[in-house]
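Worksheet: one structure, shown below.
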Protein chains: 2
Amino acid sequence: MTVADVAREAGVAKATASRALGGYGAVSDEARDRVLAAAEALGYRPNELARSMNTGKSKTIGVVVGDIENGYFGLAMRGISDAAKRAGYDIILVNTSEDVEAEIDAVRLLLDKRVDGLIVAPASAYRTEHLREVHQSGHPLVLLDRRIESLPAVSVGVDIAPAARAATRALVAEGHRRIAFVSALGTDGERYSGLPLGVSSVTDRLVGILQGLEETGIPISPELIRFEAHGAEKTHAVIADLLALSEPPTAILLSDSLVALNVLLAFRELGIKVPRDVSVVAFDDVDWAAITDPPMTVVSQPIYDVGVTAAEELLRLMRGMAPDATTLRLPAALVERDSIGPVAVSAQ
Amino acid sequence: MTVADVAREAGVAKATASRALGGYGAVSDEARDRVLAAAEALGYRPNELARSMNTGKSKTIGVVVGDIENGYFGLAMRGISDAAKRAGYDIILVNTSEDVEAEIDAVRLLLDKRVDGLIVAPASAYRTEHLREVHQSGHPLVLLDRRIESLPAVSVGVDIAPAARAATRALVAEGHRRIAFVSALGTDGERYSGLPLGVSSVTDRLVGILQGLEETGIPISPELIRFEAHGAEKTHAVIADLLALSEPPTAILLSDSLVALNVLLAFRELGIKVPRDVSVVAFDDVDWAAITDPPMTVVSQPIYDVGVTAAEELLRLMRGMAPDATTLRLPAALVERDSIGPVAVSAQ
DNA sequence: TTGTAGGCGTTATCAT
DNA sequence: ATGATAACGCCTACAA
């Protein structure tokens with residue numbers, strides 16, 4: 001069923017039918033009625049592909065993330081989806097498994113499919129040529145969660161450093177001086193050797209932590225900053241390694257909820273009690289953080305709103321408007337529960 | 001940059017350029033080289049929209065779910081995404097908030113955008129005309145997680161009843177006779193009044209439970225079967241209500257991980273200890289189930305595989321092949337941890 | 001107000 | 001092997 005069919009059925013020309021159906025231009029009431037009736041009778045539905053072809057707009061936006069199964073992106077996705085739907089946009093979602101090559105392909109293909117705009121959580125802060133191309137060619141682009149210093153595209157995320165600093169100071173206030181940071185960030189086996197890291201959201205956490213440490217006069221120990229804690233086994237190994245240090249940490253900051261989960265699992269196997277043996281603060285206030293034993297002190301992030309904001313900024317860009325700002329950071333907050341305690345006597 | 005530009009640059013006709021670019025038909029090596037070089041030089045990228053228009057294939061599938069933020073669908077989505085990507089398909093994801101009207105609109109719009117196939121987790125077992133239309137009009141359709149009795153479309157989900165039965169019997173084996181079931185299913189305030197329910201995946205759980213009860217000679221108490229436990233407050237109310245019964249349950253089966261979370265929260269507020277005061281089994285083995293206090297006994301579901309299977313069945317359908325079966329159920333299993341204990345003395 | 005005709009960028013048909 | 005030309009289904013001048 002095409003416009004031509006409807007036009008024939010209604011006894012008018014294609015253009016008239018098209019106008020009546022699209023609700024634009026000038027059409028007599030009588031003609032419109034006939035066309036609409038014919039369309040109804042024939043069960044006509046417009047071919048959005050054809051429509052997109054000459055309007056140049058697909059009413060679709062592309063979203064590229066590393067891991068949709070991760071609750072963080074699931075929630076952000078929900079925010080993006082809700083905001084996009086309100087504006088009449090659909091979403092093509094691509095999962096890259098945090099693989100840059102997959103991200104590059106995805107961005108290209110999405111553009112080939114003529115999405116009107118792109119929201120990307122870049123897998124790497126180094127391999128960014130593809131995103132730079134997108135931005136420079138004038139395609140609306142919003143970076144999600146992660147920032148790329150050298151790329152002046154709009155980025156929407158969380159202002160996590162102040163909260164990281166507050167979390168660190170909360171730890172210090174309980175007497176902790178050996179404070180570790182554990183992240184899942186891939187670093188190709190490298191040890192910590194300075195900022196920035198490959199993913200800005202992790203860099204920001206560390207910046208806040210180091211700041212908190214410096215302010216309280218606590219020396220920074222590179223051996224307490226650990227990466228590549230992905231999966232239960234590797235995380236277990238990282239924790240075991242940390243605990244075997246001559247001066248083991250008495251408190252640990254966990255970079256995200258997945259790391260937190262695996263660390264808690266490792267603690268259970270190792271017979272470590274929180275906060276008796278070691279204090280813990282995790283980034284990201286997942287729903288289950290309140291039912292762990294003990295309830296976990298966390299840095300809460302407005303993830304849903306990050307998604308909504310990212311979509312809304314993209315919509316502004318797509319309308320040809322200027323962005324609200326090139327870097328938008330929503331506030332994070334420390335939610336104090338019971339996983340921080342005083343330094344254990346034996347460890348002092 | 002269009003095929004025409006490339007053709008001109010290479011000094012050949014559009015058709016030849018198109019053949020060389022598309023890698024089909026017969027093209028001389030020399031012509032191909034010239035075309036490819038020209039395309040490279042011009043930075044040519046095909047317009048997938050135009051391509052879709054006359055092939056009739058968009059290499060895109062539509063996925064409609066109720067709640068992407070729910071870990072269950074997030075994981076299924078990952079499975080779908082991985083399988084689809086392997087076959088070269090992209091995914092348009094629509095979230096309906098479990099609203100049937102939104103689902104109807106989504107299905108229509110997706111078809112208008114000419115997706116090659118549809119995977120839907122139907123919000124309702126009653127309002128299904130739109131899905132029937134899709135199926136009868138010959139569009140490849142796979143139902144995810146939930147079945148619709150009167151619709152002969154392929155459905156992929158979990159064979160949950162046997163596991164539900166096993167869970168129930170495990171409870172009975174510990175002496176429980178007052179066994180409740182709590183679900184978030186919306187029933188418009190109605191109390192339980194027989195099967196089937198509005199969502200087949202919940203029906204299946206209950207079927208298994210009732211079967212387990214009957215086999216062990218335990219009478220079925222409708223007042224122990226509760227719905228509409230969505231959100232912390234409502235769930236708290238449901239639990240309080242259950243516990244206030246003259247013969248309160250000594251064990252509770254939780255329909256999904258979100259319900260489980262809220263129930264655990266309610267228990268904590270009410271000072272209820274698991275399994276001392278009440279035993280618990282939850283459906284869905286979420287990652288955090290192993291770190292609750294105590295670790296939770298759950299019915300584990302191969303959710304990722306459900307997603308993969310759904311996508312693969314859809315791919316079969318899209319290739320014009322017959323489905324493997326009209327109803328595919330992957331096996332679930334009872335994972336015994338420590339949330340089941342003997343009936344409390346005071347409750348006997 | 002209505003109709004005619006051309007174009008969007010591909011692929012596909014049919015001669016040559 | 002290659003080229004001209006017609007679709008695909010819609011929108012949109014422009015003309016009537």
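We name chains A, B, ... by the order of the sequence lines, and we start the count at 1 in each one. Below, all heavy atoms of this structure are taken into account, side chains as well, without hydrogens, waters or symmetry copies.
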Inset, instruction - Sugar-phosphate means primed atoms, P, OP1 and OP2; the rest is base. With that split, encode nucleotides 3-16 of chain C 5' to 3' as B, S or - using protein heavy atoms under 4.0 Å. - result: BB--BBBBBBB---
Legend entry - Distance, rounded to the nearest Å, where B:Arg34 contributes CZ and D:dA1 contributes C1':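 Between C1' of D:dA1 and CZ of B:Arg34: 12 Å.
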Inset, instruction - Give the rounded distance in Å between these two atoms: CG of B:Leu49 and P of D:dC11. - result: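 Distance, rounded to whole Å: 13 Å.
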Legend entry - Test salt bridge (Lys or Arg N to Asp or Glu O under 4.0 Å) applied to B:Glu312 and B:Arg316, step by step: CA-CA 6 Å; B:Glu312 286 176 347; B:Arg316 290 179 65 88; over 6 Å; no
Legend entry - Euclidean distance, B:Arg127 CZ relative to B:Asp99 CG, rounded to 0.5 Å: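 One finds 9.0 Å between CG of B:Asp99 and CZ of B:Arg127.
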Please output the side-chain donor-acceptor pairs of residues 76-95 of chain A that fall under 3.5 Å, not counting sequence neighbours, one pair per line with the distance.
unit_1	atom_1	unit_2	atom_2	d
A:Arg78	NE	A:Asp82	OD1	3.4
A:Arg78	NE	A:Asp82	OD2	3.4
A:Arg78	NH1	B:Asp67	OD1	3.1
A:Arg78	NH1	B:Glu69	OE1	3.3
A:Arg78	NH2	B:Ser97	OG	3.1
A:Asp82	OD2	A:Tyr304	OH	2.5
A:Lys85	NZ	B:Asn95	O	2.7
A:Asp90	OD2	B:Lys113	NZ	3.2
A:Asn95	OD1	A:Ser97	N	3.0

Inset, instruction - Check the pair A:Asp105 / A:Arg108 against salt bridge (Lys or Arg N to Asp or Glu O under 4.0 Å), numbers first and verdict last. - result: CA-CA 5 Å; A:Asp105 290 346; A:Arg108 259 196 236 300; 5.3 Å; no
Legend entry - Cationic N near anionic O, under 4.0 Å, B:Glu129 to B:Arg132: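 Here B:Glu129 does not pair with B:Arg132 in a salt bridge, since their nearest N and O are not under 4.0 Å apart.
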